[in-house]
Amino acid sequence: MKTDKDCKGCDDCNSRSPLFNSLVDEELKLLNKDRYSVRFNEGEIILKQGTRADYLVSVIEGLAKMYIEGDYNKNLVLDFVKPPKILGGPGAHLNGKHRYSLVAIKETLVCFLDMGNFRKVLASSSTFAEQFLIHCSGNYLSALDRMVAISQKQMHGRMADALIYLSKNIYDSQSIGEEISRMDIAEYTCMSKDSAIRVLKEFERDQIVTLQRKQIEVLDFNKLYEIADKG
């Protein structure tokens, strides 16, 4: 982990979230005040569940994993985060604590935006406030959809959902990178690691995917969608 000295200010950042595009120069300067950026190495904790939420997090480069730390070292992966992405969460606006952890799964550049300044910008721009509300509502609806899928689908359906999401939304490719481990996929689909590996091998046997060391290559999206629909 190291402070990134080459990071540009919020008013001159091509990698910032599209949410900030509606802000005027003075509002961007306020966001830039007390802001700092840090480059995290693979495996380093960006946010720790239970710590104070004094800053909003903007992921600028890289890839991270958001998860809830459960009992007995059992984690639930909530999402995989690629840039540009704004992370705050309900805890920042309620009890002032992070309700999840965030870890870099490859080198990741993050900007920390002072929460007090962020609230001032929300109060000064109704357009920005509305867009942020829409952004938060979208995250909430996605979480509800995942909850329904996890509770109602069998292991094969959950795995098909995960592979479709990772390939289409995270990598925009048929290949799912080695940064996402088999354990990550297991915790994302609420399976044991052994069960996740077994389902992946069954998919490989049926020529739906190929397993290339730590990577996964999707061969048949139509079959994945069919399995996901059947649950």
Side-chain angles (χ1 to χ4, degrees), residues 1-69 77-125 127-129 131-136 138-139 142 166 169-172 177-180 184:
M1 179 180 70
K2 60 183 179 180
T3 302
D4 195 89
K5 297 179 181 179
D6 297 326
C7 186
K8 300 177 181 179
C10 298
D11 54 344
D12 191 31
C13 179
N14 294 325
S15 302
R16 71 190 186 207
S17 169
L19 281 173
F20 297 143
N21 290 343
S22 64
L23 299 179
V24 299
D25 289 345
E26 289 302 315
E27 292 164 338
L28 288 171
K29 288 178 181 178
L30 180 57
L31 274 184
N32 196 53
K33 182 182 178 184
D34 302 319
R35 174 201 63 84
Y36 64 95
S37 57
V38 179
R39 192 171 292 274
F40 292 86
N41 296 321
E42 178 185 344
E44 290 187 324
I45 298 292
I46 300 171
L47 298 177
K48 176 66 174 176
Q49 182 175 318
T51 58
R52 285 181 57 85
D54 295 327
Y55 289 85
L56 200 72
V57 171
S58 178
V59 178
I60 304 299
E61 298 174 6
L63 187 63
K65 175 180 67 174
M66 182 195 306
Y67 62 98
I68 291 177
E69 300 178 33
V77 174
L78 299 175
D79 204 357
F80 299 93
V81 182
K82 70 174 186 178
K85 184 74 171 182
I86 293 290
L87 298 174
H93 303 283
L94 293 178
N95 64 358
K97 293 183 180 180
H98 292 297
R99 301 303 300 270
Y100 56 81
S101 293
L102 185 71
V103 62
I105 57 177
K106 62 186 294 188
E107 185 178 287
T108 300
L109 175 63
V110 171
C111 273
F112 293 90
L113 307 173
D114 180 78
M115 186 61 70
N117 292 336
F118 181 78
R119 289 194 178 103
K120 291 177 183 177
V121 172
L122 276 179
S124 68
S125 174
T127 300
F128 179 64
Q131 290 176 344
F132 185 67
L133 179 60
I134 292 171
H135 170 75
C136 293
N139 291 340
S142 296
L166 291 171
N169 295 77
I170 301 301
Y171 286 95
D172 192 24
E178 62 182 18
E179 302 90 358
I180 296 180
D184 292 335

Side chains of [X] and [Y] in contact at under 4.5 Å (non-hydrogen atoms):
| X | Y | result |
| --- | --- | --- |
| T127 | Q131 | yes |
| I46 | V103 | no |
| L102 | V81 | yes |
| H98 | Q49 | no |
| L109 | S37 | yes |
| V110 | T108 | yes |
| I86 | S58 | yes |
| E179 | E42 | no |

State, to 0.1 Å, how close [X] and [Y] come at their nearest heavy-atom pair, and which atoms those are.
| X | Y | answer |
| --- | --- | --- |
| P84 | P18 | CG-CD, 3.7 Å |
| A104 | N41 | CB-O, 3.5 Å |
| Y171 | G177 | CZ-N, 3.2 Å |
| L87 | L56 | O-CD1, 3.4 Å |
| V77 | K65 | CG2-CD, 3.8 Å |

Between D114 and R35, does at least one N-O distance fall below 4.0 Å, as a salt bridge requires?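 Salt bridge absent between D114 and R35.
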Test: E61 and R39 ion pair at under 4.0 Å: yes
Ring centres under 6.0 Å, that's the criterion: do Y55 and F118 meet it? no
Is the ring centre of F80 less than 6.0 Å from the ring centre of Y67?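 Not under 6.0 Å, so no.
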Supply the atom-to-atom distance [X] [atom1] to [Y] [atom2], rounded to the nearest 0.5 angstrom.
| X | Y | atom1 | atom2 | value |
| --- | --- | --- | --- | --- |
| I45 | T51 | CD1 | OG1 | 10.0 Å |
| I105 | L63 | CD1 | CG | 3.5 Å |
| D79 | K85 | CG | NZ | 6.0 Å |
| F128 | L133 | CZ | CG | 11.5 Å |
| C111 | I60 | SG | CD1 | 4.5 Å |
| N139 | H135 | CG | NE2 | 4.5 Å |

Taking L122's backbone N and O only, do any of them form a donor-acceptor pair with S125's side chain (distance below 3.5 Å, no angle check)? no
Donor-acceptor contact present, side-chain N117 to main-chain N32, <3.5 Å: no
Derivation and outcome, salt bridge (charged side-chain N to carboxylate O under 4.0 Å, His left out), residues E27 and K120: CA-CA 9 Å; E27 292 164 338; K120 291 177 183 177; over 6 Å; no
